[in-house]
Protein chains: 2
Amino acid sequence: MVDHATDIGRESAARNRILDTATNLFYAEGVHAVGIDRIIAEAGVAKATFYKYFPAKDELVRAYIQGQSRQGRAMIDKISERSARDSILAIFDLVADAAAQPGYRGCPFLNAAAEYPEPSHPVRQAIDEHRQWKRDLLLGLLEADGCLDPETTADVLTVANDGLLVASHLDKPANLRRLIRETVLRILGLSADA
Amino acid sequence: MVDHATDIGRESAARNRILDTATNLFYAEGVHAVGIDRIIAEAGVAKATFYKYFPAKDELVRAYIQGQSRQGRAMIDKISERSARDSILAIFDLVADAAAQPGYRGCPFLNAAAEYPEPSHPVRQAIDEHRQWKRDLLLGLLEADGCLDPETTADVLTVANDGLLVASHLDKPANLRRLIRETVLRILGLSADA
DNA sequence: TGTCTAGTAGACAAATCTGTCTGCTCTTGA
DNA sequence: TCAAGAGCAGACAGATTTGTCTACTAGACA
């Protein structure tokens with residue numbers, strides 16, 4: 001017997017359909033607002049199949065968050081080779097790309113975190129993992145750029161990233177790309193025209 | 001007959017108890033996660049009384065948001081007279097004060113907005129109102145401070161405010177006050193030590 | 001005394017929530 | 001040919017959701 005799909009939970013058309021449907025619904029309407037029945041109906045899947053792959057709703061939510069994290073990393077991986085400083089600017093430009101998408105509703109991680117009060121919850125831990133990864137990514141780029149205080153600057157850039165994701169959703173500022181650039185340049189100390 | 005309490009919805013011990021209880025629960029656990037039954041039980045109020053003052057749950061949520069807005073404005077009103085620039089710094093310091101509170105769980109407006117996808121919903125409108133007020137407040141202070149581009153700077157400060165509220169909750173950075181100061185000074189172009 | 005108002009207590013309806021379980025139909029591979 | 005696995009369909013349980021409605025109590029006021 002070949003060591004085939006012993007591991008349930010990987011590669012299955014039904015499972016993918018469930019996760020895709022849930023991803024769209026969770027992001028568009030919020031986690032608590034979307035019920036299992038709706039997901040299985042729109043995914044065209046039997047209830048038993050759902051509970052086979054996701055023993056509880058929270059496991060689906062965790063898979064949703066991890067999927068968003070994977071997707072976010074993939075977007076950043078796609079950025080072409082360039083200087084550390086330009087990489088930072090390109091990463092922040094992704095906020096504008098996301099905000100230009102039709103159903104944009106802010107940051108999936110921040111939205112989900114708002115619905116999970118308990119910091120030790122698996123969903124929150126998945127969110128923390130992503131945030132930690134992103135902070136480390138920025139830190140590395142700042143060090144490569146010769147930043148004098150990379151730790152502090154990474155924190156400030158994280159603040160800016162979160163704030164830009166919020167503002168691009170709730171305030172829809174005109175000329176978001178300019179706002180993003182202005183924010184990053186001021187934080188990096190490259191523009192003191194305040 | 002004196003023109004007494006014709007207007008239902010103002011000043012009532014029961015109503016206050018409902019709103020106070022709901023405020024604590026909504027902030028601590030999220031809006032969708034808290035049911036009417038729980039609120040009336042913890043407020044020690046009859047169901048009929050609840051529906052007398054709040055014809056639907058969403059009206060209670062709107063009242064909760066408006067109460068948080070009122071409270072936020074009161075905090076800022078309490079800041080003593082000082083220069084425009086110092087006022088901005090003092091306003092941002094309020095983030096650290098809030099984060100130091102026992103049950104801190106981030107910004108009530110951002111958390112609630114995450115649970116209301118529809119921008120035209122009354123709850124979202126109440127949130128927008130508060131955000132607009134705050135942005136105008138910062139804009140006025142920047143103008144008084146002689147800022148060269150107050151509009152842009154107000155946008156960037158709004159970004160920073162949101163980001164700091166998020167980070168202080170999800171990341172719990174060591175030395176939050178220093179991070180706040182660093183963020184604001186860099187945005188105002190008063191510190192280029194990146 | 002009688003009436004009006006605010007409030008309490010709780011039954012009830014209708015929908016929806018998560019999760020379990022039974023039974024059926026395919027497809028694939030030995 | 002036959003057995004196992006994957007998936008579908010849907011009933012069911014038990015809790016919980018928002019919201020309505022009836023019946024009662026206590027205080028204020030004319």
(message) Distance alone, cut at 3.5 Å: any donor-acceptor contact between the side chains of B:R82 and B:S80?
(response) yes
(request) Hey, can you tell me if B:H121 and B:Y116 have their rings parallel, tilted or perpendicular (30° and 60° cut-offs)? (result) tilted
(message) What is the distance, to the nearest angstrom, from the CD1 atom on A:I18 to the C1' atom on D:dG7?
(response) 10 Å
(message) For a 4.5 angstrom cut-off between non-hydrogen side-chain atoms, does A:R135 reach A:E151?
(response) yes
(request) Give the nucleotide from the list D:dC8, C:dA9, D:dA6 with an atom nearest to the side chain of A:Y53. (result) D:dA6
(request) Let me know the distance between NZ of A:K52 and P of D:dA4, rounded to the nearest Å. (result) 15 Å
(request) Please list, chain by chain and in numerical order, all residues satisfying ring pair (Phe, Tyr, Trp, His ring centres under 6.0 Å) with B:F50, sequence neighbours excluded. (result) B:F54
(request) Using a cut-off of strictly less than 4.0 Å, decide whether A:S12 has a side-chain nitrogen or oxygen near OP1 or OP2 of D:dA6. (result) no
(request) Could you state the atom-to-atom distance from NE2 of B:H32 to C1' of D:dT17 in whole Å? (result) 12 Å
(message) If hydrophobic clusters are built by linking Ile, Leu, Val, Met, Phe, Trp and Tyr wherever their side-chain heavy atoms come under 4.5 Å apart, do B:V34 and B:F109 end up in the same one?
(response) yes
(message) For the backbone of A:L179 and the side chain of A:T183, can you confirm whether one donor and one acceptor N or O come within less than 3.5 Å of each other?
(response) yes
(request) Starting from the first five and the last five pairs of the helix from C:dT1-D:dA30 to C:dA30-D:dT1, work out the angle between the resulting helix axes, to 10 degrees. (result) 10°
(message) Could you tell me how far apart A:R38 (CZ) and C:dT18 (C1') are, to the nearest whole angstrom?
(response) 16 Å
(message) If I take atom CD1 in residue B:I39 and atom P in nucleotide C:dT8, what distance separates them, rounded to the nearest angstrom?
(response) 15 Å
(request) Tell me yes or no: between the side chains of B:S69 and B:R73, is some donor less than 3.5 Å from an acceptor? (result) yes
(message) Please tell me whether B:T21 and B:R38 have a donor and an acceptor in their side chains that are separated by less than 3.5 angstrom.
(response) no
(message) What contact category does A:R17 fall into here, base, sugar-phosphate, or nothing, at under 4.0 angstrom with non-hydrogen atoms?
(response) sugar-phosphate
(message) I'd like to know if A:D128 and B:K172 make a salt bridge, using a cut-off of under 4.0 Å between side-chain N and carboxylate O.
(response) no
Filtered N/O pairs between nucleotides 19-29 of chain C and protein, under 3.5 Å:
from: C:dG19; atom 1: OP2; to: A:K57; atom 2: N; distance (Å): 3.0
from: C:dG19; atom 1: N7; to: A:K47; atom 2: NZ; distance (Å): 3.2
from: C:dG19; atom 1: O6; to: A:K47; atom 2: NZ; distance (Å): 2.5

